[in-house]
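Only this structure's heavy atoms are used, side chains among them; waters, hydrogens and symmetry mates stay out.
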Amino acid sequence: MRNILPPRSAFLLVLLASAAMARGREPISRTVYLSDEPKAEVPSVYVAGEMVTVLRFEKPCARERTKLLGWEGRFEPVECVGKKVLVEPLKDIKPEDGFLLVVTLADGKELPFTVTARNEQFDHQVNVFPDNETKGALQSRLEYSQSKERILKEQNERYRKEETSIDHALAALLAKGALKMTPFRQQYVSLVKNPRGAEILVTVLTSNKPDSKKPDKVAVIINLKNNSPSETWSLMEARLVAEGSGEQRPFALRATQESWGPGGESGQIAVVFDAGAFDFNDSPDRLVLELFRQGSGIREAWVFLERHMLGL
């Protein structure tokens, strides 16, 4: 790590997760509804090395008749526990690999699956419904529809607020490099290089109201260059939290793009928040801006922001 401004800028730290941790995939949960059609496609189950994937059924499975073909040396023995089947590869397999898993339920029904892999994600849990018309399957569909409707409502409300938000407008300008069109002035800069090729330049800025000597807003600009020869860099989530309590603070975020391609593609992420974020009930002296990378799901980088170093 190399700071390129005075020593007092040491309050600004960007720490990157190790390459070994970042090679993991994002765990997801999903539901599979099977078909009785003879020509129906065999559903796939996506796994990752040293990670357990759980298949959950409505009925108990028959342990002696549940088998994974060709598992020796590649997987732990498949476990059948009540209504769950556990699959764990000893190491990552390739997307072009495929292993036949046959799950036999207690009523004798056999259900085939293809165990394979994909690059970005793996199945943490798969809820399997062999009969589309059972009470459980219908309830699952209803819950999914309600969840989807709730998410859409929340997104629409967020978009409505963002359209009229000053902080989002400022973040959009900063992300596009239009610093001169904003009231912000630069405070500190820090440069970090990721062992896997990502180069991150972080700039912290503040703005003051005309009648005040103390900042009323804080901004962080993250200039990211993806020097990896093969991996794409994407932001999964950002959080602004109080150190210690972990309580989240509101902020606005804008980025020039959704992902950064390999081979040196660069772009900006800008975050703007009110200086009052330091004045909540727990009165933190330091906030942490955290960045979580898509695919790994881990905290890839974080920035410490101290109250007194920002003049608050």
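- Applying the 6.0 Å contact sphere to CD of Glu72 captures more than 12 heavy atoms from other residues, nucleotides or ligands.
- Taking 4.5 Å as the limit, every side-chain heavy atom of Thr114 sits out of range of all side-chain heavy atoms of Val45.
- Judged by the 6.0 Å and 45° rule, Arg249 forms no cation-pi pair with Phe273.
- Gln268 and Gln257 form no side-chain donor-acceptor contact under 3.5 Å, judged by distance and modelled atom types alone.
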Q.
Evaluate Phe113 against Val87 for side chain to side chain contact (heavy atoms under 4.5 Å, CB included), listing each step before the verdict.
A. CA-CA 12 Å; Phe113 301 87; Val87 181; over 6 Å; no
Q: Apply ring pair (Phe, Tyr, Trp, His ring centres under 6.0 Å) to the pair Phe129 and Phe57, showing each step before the final yes or no.
A: CA-CA 7 Å; Phe129 293 95; Phe57 300 86; 9.5 Å; no
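- With contacts defined as side-chain heavy-atom distances shorter than 4.5 Å, the pair Ile28/Tyr46 does not qualify.
- One distance of note links CG of Leu174 with CD1 of Ile269; it measures 13.0 Å at 0.5 Å rounding.
- Looking at Gln187 and Thr206, their side chains do bring a donor and an acceptor atom within 3.5 Å of each other.
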**Q.** Evaluation steps, side chain to side chain contact (heavy atoms under 4.5 Å, CB included), between Arg293 and Glu231
**A.** CA-CA 12 Å; Arg293 179 173 178 168; Glu231 294 186 32; 3.6 Å; yes
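- Here the CG-OG1 distance, from Leu105 to Thr66, works out to 7.5 Å after rounding to the nearest 0.5 Å.
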**Q.** Glu110 and Lys67: CA distance, side-chain angles, deciding distance, salt bridge (charged side-chain N to carboxylate O under 4.0 Å, His left out) verdict
**A.** CA-CA 11 Å; Glu110 293 186 347; Lys67 301 181 183 297; over 6 Å; no
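- Contact check for Val241 versus Leu287: no side-chain heavy atoms found under the 4.5 Å cut-off.
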Q | side chain to side chain contact (heavy atoms under 4.5 Å, CB included) assessment of Leu55 paired with Leu101 | A | CA-CA 11 Å; Leu55 284 76; Leu101 170 67; 4.1 Å; yes
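- Under the 4.5 Å side-chain criterion, counting only non-hydrogen atoms from C-beta, Val47 is not in contact with Asp123.
- One finds no salt bridge joining Arg74 and Glu88 here, because no Lys/Arg side-chain nitrogen approaches an Asp/Glu carboxylate oxygen to under 4.0 Å.
- Side-chain contact between Leu34 and Val128 is present, with heavy atoms from C-beta onward closer than 4.5 Å.
- Under a 4.0 Å N-O distance rule, the pair Glu79/Arg63 does not qualify as a salt bridge.
- Val54 and Phe75 fall into different hydrophobic clusters, where Ile, Leu, Val, Met, Phe, Trp and Tyr are joined by side-chain heavy atoms under 4.5 Å apart, directly or via other members.
- Distance check, rounded to the nearest 0.5 Å: OG of Ser234 to CD of Glu258 gives 8.0 Å.
- In this structure, Arg307 forms no cation-pi arrangement with Phe278, as its terminal cationic atom is not both closer than 6.0 Å to the ring centre and no more than 45° off the ring axis.
- Clustering ILVMFWY residues whenever any of their side-chain heavy atoms sit less than 4.5 angstrom apart, transitively, puts Leu173 in a cluster other than the one holding Phe251.
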